[in-house]
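Okay, structure first, notes after.
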Amino acid sequence: MIQRHTELPPFADGRGHLLYIFLNHSRPEGTADGELYALVTGLVQLGLDTHETIDRSPEGSGESSMRSRQLKVLAGDYFSSWFYHLLARRGRIEMVSILSAAIADLNVMKSGVYGKMKGMLLSAEQYLRHTVQLNMRLFLSFTPMIEEPLKDLWEKLLAEFAHCETVCSELRRSTDPASAHEGYCYWKLMESVSEEERRQLSEQSLDPKDWKKLKLKYKCDYLLTDKLHSSIAAIQNLLQGVKDEQLMSELRTALDRFLQQLKISGQAAVEG
């Protein structure tokens, strides 16, 4: 029902699969817990991401816009409620506390970013870096559960997977001027455009055709795609240093699956 009336953000498959691999490798006796923790963390992330997509612009006052906002509020709350339910049902109350603390910390981080955005104190690169850090925060809660020799690899791979998923999200949202507002392309254009173009961006008065022309003029999608390729290359480089054959095999499988999802996502963005 929800997806008939509104669009939901994608599930954090790449980060979730990565977490599952590292938890299971560090705690082979706790395979079920690794699956559970990857699932609930993905659900919390999905709930937070869904709330982030709620249209708060005054123009979105029609019946369909109102229905979309209401459904996204309900959907975000629904996904988050499953996080508590699944952990409590398995008796993992300590993880409820750990993830709840991470959510609180993430909200403080978001507040700081929003303050910079409101004051127009954010560059496109700063925005992207902050967004990647936000998208890592929940998953970093599990770092103490990762084997000590693997923690550095875990954090570096998580950063690159989060970067890839964030860039893909920015490519998707950039297809429409309304959803792209205050995203990477918006901030990149605000750094480069003329005064008149900056005024149109601030007032959100560009139609889709003019928005597309502006993006092409300043190569926004090209810059994002280049970042995506660089991050994939960094992941491949990190995997070359993995000595454990089983871990290497699992990580390569995760990367292959991830690349397939990115390919599908990229095609959808182009078609959109």
Side-chain angles (χ1 to χ4, degrees), residues 8-16 18-19 22-23 37-57 72-73 75-84 87 94-146 151-152 154-174 179-188 190-191 224 227-228 231 234:
L8 294 176
F11 196 79
D13 283 308
R15 283 163 285 165
L18 196 67
L19 176 61
F22 274 91
L23 286 179
Y37 295 158
L39 173 61
V40 297
T41 308
L43 285 172
V44 176
Q45 187 70 62
L46 182 58
L48 294 170
D49 291 345
T50 301
H51 283 159
E52 281 294 306
T53 62
I54 296 171
D55 181 11
R56 296 174 177 85
S57 66
K72 284 178 178 177
V73 170
D77 291 345
Y78 174 77
F79 296 138
S80 295
S81 70
W82 271 100
F83 140 64
Y84 292 104
L87 286 174
E94 75 285 354
M95 286 311 306
V96 173
S97 299
I98 290 171
L99 276 174
S100 295
I103 293 168
D105 187 38
L106 189 150
N107 286 331
V108 171
M109 293 167 65
K110 277 185 182 178
S111 179
V113 175
Y114 293 158
K116 291 180 181 180
M117 291 168 69
K118 188 174 181 180
M120 303 298 290
L121 302 173
L122 208 60
S123 70
E125 297 308 317
Q126 288 171 332
Y127 163 80
L128 191 63
R129 186 167 62 252
H130 285 310
T131 305
V132 171
Q133 289 170 350
L134 290 170
N135 287 337
M136 292 173 62
R137 180 62 190 89
L138 296 178
F139 295 86
L140 284 172
S141 303
F142 296 91
T143 300
M145 300 170 65
I146 306 294
K151 284 183 180 178
D152 184 60
W154 151 249
E155 292 183 356
K156 287 178 178 177
L157 282 173
L158 177 62
E160 297 299 343
F161 271 72
H163 188 267
C164 285
E165 290 184 319
T166 302
V167 168
C168 280
S169 175
E170 292 298 321
L171 281 167
R172 280 192 300 271
R173 73 182 290 187
S174 74
S179 62
H181 184 63
E182 295 189 337
Y184 176 85
C185 288
Y186 170 83
W187 293 110
K188 195 66 183 177
M190 290 295 277
E191 296 171 7
L224 283 170
K227 290 179 183 296
L228 183 60
S231 222

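Side-chain atoms are counted along with the backbone in the values below, which use heavy atoms only and exclude waters and symmetry mates.
Side chain of E160 to backbone of L157: no donor-acceptor contact under 3.5 angstrom is found. Listed for the E191 side chain is a donor-acceptor partner under 3.5 Å among the backbone atoms of A124.
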- With side-chain contact (heavy atoms from CB on, under 4.5 Å) as the test, would you mind laying out the steps for S97 and E94 before giving the verdict? CA-CA 5 Å; S97 299; E94 75 285 354; 5.8 Å; no
- Query: Would K116 and Q126 count as a side-chain contact (heavy atoms from CB on, under 4.5 Å) if you check the C-alpha gap in whole Å, the side-chain angles of each, and the deciding distance to 0.1 Å?
  - Reply: CA-CA 10 Å; K116 291 180 181 180; Q126 288 171 332; over 6 Å; no
- Apply side-chain contact (heavy atoms from CB on, under 4.5 Å) to the pair S231 and V167, showing each step before the final yes or no. CA-CA 10 Å; S231 222; V167 168; over 6 Å; no
- From CA spacing to verdict: side-chain contact (heavy atoms from CB on, under 4.5 Å), T41, F142: CA-CA 10 Å; T41 308; F142 296 91; 3.1 Å; yes
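The structure places OG1 of T166 at 8.5 Å from OH of Y127, a figure rounded to the nearest 0.5 Å. If you take CZ on R129 and NE2 on H163, they are separated by 10.0 Å, rounding to the nearest 0.5 Å. To the nearest 0.5 Å, atoms OG (S179) and NE2 (H181) are separated by 11.0 Å. Here the straight-line distance linking atom OG1 of T131 with atom CE of M136 works out to 13.0 Å at 0.5 Å rounding. Note that the CD1 atom of I146 and the CG atom of D152 stand 12.5 Å from one another [nearest 0.5 Å]. Between the CG atom in L48 and the CZ atom in R137 there is a gap of 12.0 Å [rounded to 0.5 Å].
The side-chain heavy atoms of P9 and L46, taken from C-beta on, include a pair separated by under 4.5 Å. In this structure the side chain of K188 never reaches within 4.5 angstrom of the side chain of E170, judged on heavy atoms. Contact of the M109 side chain with the H130 side chain is not registered, since no non-hydrogen atoms from C-beta on lie closer than 4.5 Å.
Residues satisfying the side chain to side chain contact (heavy atoms under 4.5 Å, CB included) criterion with N107, sequence neighbours excluded, are I103, K110. Contacts of T143 classified as side-chain hydrogen bond (donor to acceptor under 3.5 Å, both in side chains), with partners at least two apart in sequence or in another chain: W154. With sequence neighbours excluded, no residue satisfies side-chain hydrogen bond (donor to acceptor under 3.5 Å, both in side chains) with Y186. The side chain to side chain contact (heavy atoms under 4.5 Å, CB included) test applied to Q45 returns A12, R15, D49, N135, L138, F139, not counting sequence neighbours. Checked against side-chain hydrogen bond (donor to acceptor under 3.5 Å, both in side chains), E125 has the following partners two or more places apart in sequence or in another chain: Y184, K227. Scanning for side-chain hydrogen bond (donor to acceptor under 3.5 Å, both in side chains) contacts around E182 gives an empty result, with sequence neighbours left out.
In terms of heavy atoms, C185 sits closest to L224 at SG-CD1, 3.9 Å. Annotation for L122 and W187: closest pair O-CE3, 3.5 Å, computed over non-hydrogen atoms. Residues L99 and S141 come closest through the heavy atom pair CD2-OG, 4.3 Å. Across all their heavy atoms, D13 and E165 have their closest contact at N-OE2, 3.6 Å. The nearest pair of heavy atoms linking S174 to A180 is CA-CB, 3.8 Å. Considering all non-hydrogen atoms of both residues, L43 and F79 come closest at O-CB, 3.5 Å.
Other residues, nucleotides and ligands contribute at most 12 non-hydrogen atoms within 6.0 Å of the NZ atom of K156.
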